[in-house]
Amino acid sequence: MFDIETIKANGLCSGCGLCAGLGTGDTPAIAMRDTPEGLRRPERVGPVSPQMAAVIDRACPGVNIRHDPAEHEAEYHSVWGPVVGARLGWSTDDDLRRNASSGGALSAILTHLLISGEIDYVVQTAVSEDSPVRNALYVSTGRDEVFHAAGSRYAPSSPLEDISKRLDSPGRFAFVGKPCDVAGLRQLARIDRRVDEKVSYMLAFMCAGVPSYRGTSAVLAAMGVKDESQVTAFRFRGDGWPGYATAQMADGTRFTMDYNTSWGSILNRHLQFRCKICPDGIGEFADIVCADGWHCDEKGYPLFEEQEGRSIVLSRTRKGEELVLRAMNARNLACEPLEIEQIRHIQPFQARRKGLVLPRLMAMTVMGRKRPRFKNLSLFENVRALGIKESVRSMLGALQRLVQAGDRQI
Ligand SMILES: Cc1cc2nc3c(=O)[nH]c(=O)nc-3n(C[C@H](O)[C@H](O)[C@H](O)COP(=O)(O)OP(=O)(O)OC[C@H]3O[C@@H](n4cnc5c(N)ncnc54)[C@H](O)[C@@H]3O)c2cc1C
């Protein structure tokens, strides 16, 4: 059985907040905290009941990513998971398209849901009101709030940290999160029927991993920011596609950095360990998942030059597909067709990601760490496709990281 101490000690926590969110009443049993390593982690602050412990063990996405094939409404693609519909899309609201991460498809769908009255509110993540360089759970009830929350924030987030209170409150909502957040909520739905009653849609974005807040600080420092407390506004990207990381300072100066440098040279070196063994970077448990719809050069490599935003839009359930069609019919979302086999050129990292998982799990076994339960994800097919050389390299990399980590939070 996995409890939060075992989960953290084995490097399996993704910081989603599900365990903390299971608490009811005024005295929480578990609270989410920022750690000195710049991660979000749960801490026990009261007694955890046996029932709550059992739900954590079964639903925590850090230790469980388990498909039930009976739940799939489309054939399972070994790399891209269940896909009912595949498109490239963007928001028809030009301001939203520009402000969003890669085309604003997610925000366009959310806005459609709110305008049409299908949901009462959205649970998502935005900049914290307390600090321009921190994230916070954010509730939107209209287009302007969705606009405010649009854009990727490459730092820890815990969008499930008040989930039980939300499930007990009036109103139906759409939930947006990282693939692990959505997997946690879907796994909770298997044992808690309030989820299907209250959560109308689960939306995700593809995710290459969550960088710690140390990554945010490293980006700011590399931009030339000497004193983080003088930052008045910060975005990781957006305001264009992919847009620039931009820090606005109290004295009116502005620092910027291009996406290729901020993500490719800095943030991706600050990923938490759990993301290194992630078998679902592509939101397989969501109703709809969106991702960057990069244009490719003649050799098929993604280009990061500034363009008008474009997102990949994959519907994974019939209800997700029907929602995409409704948002298109209402002219909130514009789309063009996408062949599934094209996705590997647009998202080359995600295309090989699942193959990296088993070698890294092997490294965990060698180091005496407890392994998570990953089920029905075609991991064997993917490691076979990756080949021996890459697998060995992947395993050695994980071993090195675990040796270096020692007892530290990873
Ligand atoms: C940590 C991280 C890693 C990512 N890795 C990839 C990747 O490997 N490949 C890829 O194609 N795309 C990745 N993305 C997603 C990508 O940047 C876009 O979000 C995606 O293309 C959808 O764009 P959009 O314009 O449709 O979304 P938007 O309309 O801009 O909406 C973005 C949504 O994401 C939510 N959000 C932003 N940051 C967070 C966060 N930290 N935690 C939870 N929710 C958040 C917002 O609340 C908003 O609802 C990543 C995003 C993050 C935050």
Visitor: Regarding Ser378 and Ser78, is there a side-chain donor-to-acceptor distance under 3.5 Å anywhere?
Guide: no
Visitor: Sorted by first residue and then second, give each side-chain hydrogen bond (donor to acceptor under 3.5 Å, both in side chains) pair with at least one member in residues 203-228; sequence neighbours left out.
Guide: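 Pairs touching residues 203-228 that pass the test: Ser217-Glu228, Asp227-Ser229.
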Visitor: Under the 3.5 angstrom rule, does the side chain of Ser157 hit a backbone N or O of Pro159 as a donor-acceptor pair?
Guide: no
Visitor: Identify each donor-acceptor pair in which a side-chain atom of residues 126-134 lies under 3.5 Å from a protein atom, sequence neighbours left out, and give them as a table.
Guide:
residue: Ser128; atom: OG; partner: Asp130; partner atom: N; Å: 2.9
residue: Ser131; atom: OG; partner: Val133; partner atom: N; Å: 3.1

Visitor: Are Asp292 and Arg237 within salt-bridge range, i.e. N to O under 4.0 Å?
Guide: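 Salt bridge: yes.
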Visitor: Considering only residues two or more places apart or on different chains, which pairs with a residue in residues 62-72 satisfy salt bridge (charged side-chain N to carboxylate O under 4.0 Å, His left out)?
Guide: Glu71-Arg190
Visitor: Taking all atoms of both residues into account, what is the closest heavy-atom pair of Phe255 and Met223, and its distance?
Guide: CD2-O, 3.1 Å
Visitor: For Gly103, does its backbone N or O pair with a side-chain atom of Arg97 as donor and acceptor, under 3.5 Å?
Guide: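 Not confirmed, Arg97 side chain does not pair with Gly103 backbone.
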Visitor: Would you tabulate the side-chain donor-acceptor contacts of residues 165-175 under 3.5 Å, counting partners in other chains and residues two or more places apart, or write 'none'?
Guide:
residue: Arg166; atom: NE; partner: Asp162; partner atom: OD1; Å: 3.1
residue: Arg166; atom: NE; partner: Asp162; partner atom: OD2; Å: 3.1
residue: Arg166; atom: NH2; partner: Asp162; partner atom: OD2; Å: 2.8
residue: Asp168; atom: OD1; partner: Arg194; partner atom: NH1; Å: 2.8
residue: Asp168; atom: OD2; partner: Arg194; partner atom: NH1; Å: 3.2
residue: Ser169; atom: OG; partner: Lys165; partner atom: O; Å: 2.7
residue: Arg172; atom: NE; partner: Ser200; partner atom: OG; Å: 3.3
residue: Arg172; atom: NH1; partner: Glu197; partner atom: O; Å: 2.6
residue: Arg172; atom: NH2; partner: Ser200; partner atom: OG; Å: 3.3

Visitor: Excluding sequence neighbours, so at least two apart, what forms side-chain hydrogen bond (donor to acceptor under 3.5 Å, both in side chains) with Glu73?
Guide: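 Applying side-chain hydrogen bond (donor to acceptor under 3.5 Å, both in side chains) to Glu73 gives none.
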Visitor: In Å, rounded to the nearest 0.5 Å, how long is the span from CD1 of Ile410 to CG of Leu39?
Guide: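 With rounding to 0.5 Å, CD1 (Ile410) is 9.5 Å from CG (Leu39).
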Visitor: Distance-only, no hydrogens or angles: does the Gln187 side chain make a donor-acceptor pair with backbone N or O of Asn64 under 3.5 Å?
Guide: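 Judged by distance alone, yes, a pair lies under 3.5 Å.
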Visitor: With distance as the sole test, does Ser391 use its side chain to make a donor-acceptor pair with the main-chain N or O of Gly387 at under 3.5 Å?
Guide: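 Yes, because the side chain of Ser391 sits within donor-acceptor range (under 3.5 Å) of the backbone of Gly387.
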Visitor: So Trp294 and Trp241, would you call those rings parallel, tilted or perpendicular, with 30° and 60° as cut-offs?
Guide: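 Rings of Trp294 and Trp241: parallel, under 30°.
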Visitor: Atom CG in Leu18, atom CG in Leu185: separation rounded to 0.5 Å?
Guide: 8.0 Å
Visitor: Can you tell me how far apart CG (Asp192) and CG (Leu22) are? Round to the nearest 0.5 Å.
Guide: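 Result: 8.5 Å between the selected atoms.
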Visitor: Are Glu321 and Ser315 close enough that a side-chain donor and a side-chain acceptor fall under 3.5 Å?
Guide: yes
Visitor: Work out which heavy atom in Val84 is nearest to a heavy atom in Ala74; give both atom names and the distance.
Guide: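 Looking at all heavy atoms of both residues, the closest pair is CG2-CB, 3.8 Å.
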Visitor: Enter the distance from Ile4:CD1 to Cys19:SG here, rounded to the nearest 0.5 Å.
Guide: 5.5 Å
Visitor: What orientation do Tyr154 and Trp263 show, parallel under 30°, tilted 30 to 60°, or perpendicular over 60°?
Guide: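 Rings of Tyr154 and Trp263: tilted, as their planes differ by 30° to 60°.
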Visitor: For residues 334-343, pull every pair meeting side-chain hydrogen bond (donor to acceptor under 3.5 Å, both in side chains), keeping only residues two or more places apart or in separate chains.
Guide: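 Sorted pair list: His77-Glu341.
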Visitor: Return yes if a side-chain donor-acceptor contact under 3.5 Å exists between Gln272 and Arg40, otherwise no.
Guide: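 The answer is no; no qualifying pair exists.
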Visitor: I'd like to check the side-chain hydrogen bond (donor to acceptor under 3.5 Å, both in side chains) partners of Tyr201; sequence neighbours left out, ordered by chain and number.
Guide: Glu118, Arg326
Visitor: Between the main-chain N or O of Ser265 and the side-chain N or O of Thr261, is there a donor-acceptor pair closer than 3.5 Å?
Guide: no
Visitor: Closer than 3.5 angstrom, by distance alone: can the side chain of Asn99 be matched with the main-chain N or O of Phe147 as a donor-acceptor pair?
Guide: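 Checking the backbone N and O of Phe147 against the side chain of Asn99, a donor-acceptor pair under 3.5 Å is found.
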Visitor: Can a donor-acceptor pair be found between the side chains of Arg353 and Gln350 at a distance below 3.5 Å?
Guide: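 On atom types as modelled, these side chains qualify, holding a pair under 3.5 Å.
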Visitor: Can you establish whether the number of heavy atoms outside Leu303 located under 6.0 Å from its atom CG is more than 12?
Guide: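 Counting other residues, nucleotides and ligands, CG of Leu303 exceeds 12 neighbours.
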Visitor: To the nearest 0.5 Å, tell me how far Ile266 CD1 sits from Leu220 CG.
Guide: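 Ile266 CD1 to Leu220 CG: 9.5 Å, rounded to 0.5 Å.
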Visitor: Quick one about Arg274 and Asn10 (side-chain donor to acceptor, distance below 3.5 Å, no hydrogens or angles considered), yes or no?
Guide: no
Visitor: Any chance the side chains of Thr256 and Thr246 put a donor and an acceptor closer than 3.5 Å?
Guide: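 Note: Thr256 and Thr246 side chains miss the donor-acceptor criterion.
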Visitor: Does Pro61 reach the side chain of Cys16, with side-chain heavy atoms less than 4.5 Å apart?
Guide: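 In contact.
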Visitor: Looking at Gly15, is its backbone amide N or carbonyl O close enough to the side chain of Ser158 to form a donor-acceptor pair, meaning the two atoms are under 3.5 Å apart?
Guide: yes
Visitor: Thinking salt bridges, do Asp287 and Arg316 make one under a 4.0 Å N-O criterion?
Guide: no
Visitor: Where do Glu390 and Arg393 land on the salt bridge (Lys or Arg N to Asp or Glu O under 4.0 Å) test, with the steps shown first?
Guide: CA-CA 5 Å; Glu390 275 288 290; Arg393 192 183 303 163; 3.0 Å; yes
Visitor: Can we say Lys178 and Asp181 salt-bridge, meaning some charged N sits less than 4.0 Å from an Asp/Glu carboxylate O?
Guide: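 Asp181 and Lys178: salt-bridged.
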Visitor: Taking all atoms of both residues into account, what is the closest heavy-atom pair of Val383 and Gly355, and its distance?
Guide: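 Smallest heavy-atom distance, with atoms named: CG2-O, 3.5 Å.
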Visitor: Looking only at side chains, do His112 and Asn332 share a donor and an acceptor under 3.5 Å apart?
Guide: yes
Visitor: So, Ser262 side chain and Tyr259 main chain: donor-acceptor pair closer than 3.5 Å or not?
Guide: yes
Visitor: Please determine whether the number of non-hydrogen atoms from other residues, nucleotides or ligands lying under 6.0 Å from atom CZ of Phe380 exceeds 12.
Guide: no
Visitor: For the side chain of Asn376 and the backbone of His67, is there at least one donor-acceptor N/O pair under 3.5 Å apart?
Guide: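 Pair found, side chain donor or acceptor close to backbone of His67.
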Visitor: Holding to side-chain hydrogen bond (donor to acceptor under 3.5 Å, both in side chains), I want the full list of residues that pass it with Arg360, two or more places apart in sequence or in another chain.
Guide: Ser394
Visitor: Search all heavy atoms of Val357 against all heavy atoms of Pro279 and return the closest pair with its distance.
Guide: CG2-CA, 3.8 Å
Visitor: Less than 6.0 angstrom from the centroid, inside 45 degrees of the normal: does Arg186 satisfy that with respect to the ring of Phe285?
Guide: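 The answer is no; the distance or angle limit is not met.
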Visitor: Does anything in residues 141-150 form a salt bridge (charged side-chain N to carboxylate O under 4.0 Å, His left out)? List the pairs, not counting sequence neighbours.
Guide: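 Those involving residues 141-150 are Asp93-Arg143.
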Visitor: What pairs with Arg44 under salt bridge (charged side-chain N to carboxylate O under 4.0 Å, His left out), at least two apart in sequence or on another chain?
Guide: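 Arg44 satisfies salt bridge (charged side-chain N to carboxylate O under 4.0 Å, His left out) with no other residue.
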Visitor: Once rounded to the nearest 0.5 Å, what's the spacing between atom SG of Cys275 and atom CZ of Phe273?
Guide: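 Nearest 0.5 Å value for the SG-CZ distance: 10.5 Å.
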Visitor: Using only atom types and a distance under 3.5 Å, with no angle test, would you say the side chain of Thr111 pairs donor to acceptor with the backbone of Ser107?
Guide: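 Such a contact is found between Thr111 side chain and Ser107 backbone.
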Visitor: Measure across Phe236 and Ser152 and return the closest heavy-atom pair with its distance rounded to 0.1 Å.
Guide: CB-O, 3.5 Å
Visitor: Under the salt bridge (charged side-chain N to carboxylate O under 4.0 Å, His left out) definition, can you give me all pairs with a residue in residues 3-19, not counting sequence neighbours?
Guide: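 Checked against salt bridge (charged side-chain N to carboxylate O under 4.0 Å, His left out) - neighbours excluded - the pairs reaching residues 3-19 are Glu5-Lys8.
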Visitor: Would you list the pairs meeting salt bridge (charged side-chain N to carboxylate O under 4.0 Å, His left out) in which at least one residue belongs to residues 366-380, sequence neighbours left out?
Guide: Asp57-Arg373
Visitor: Do you know the tightest heavy-atom contact between Pro179 and Cys207?
Guide: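 Result for this residue pair: CD-CB, 3.5 Å.
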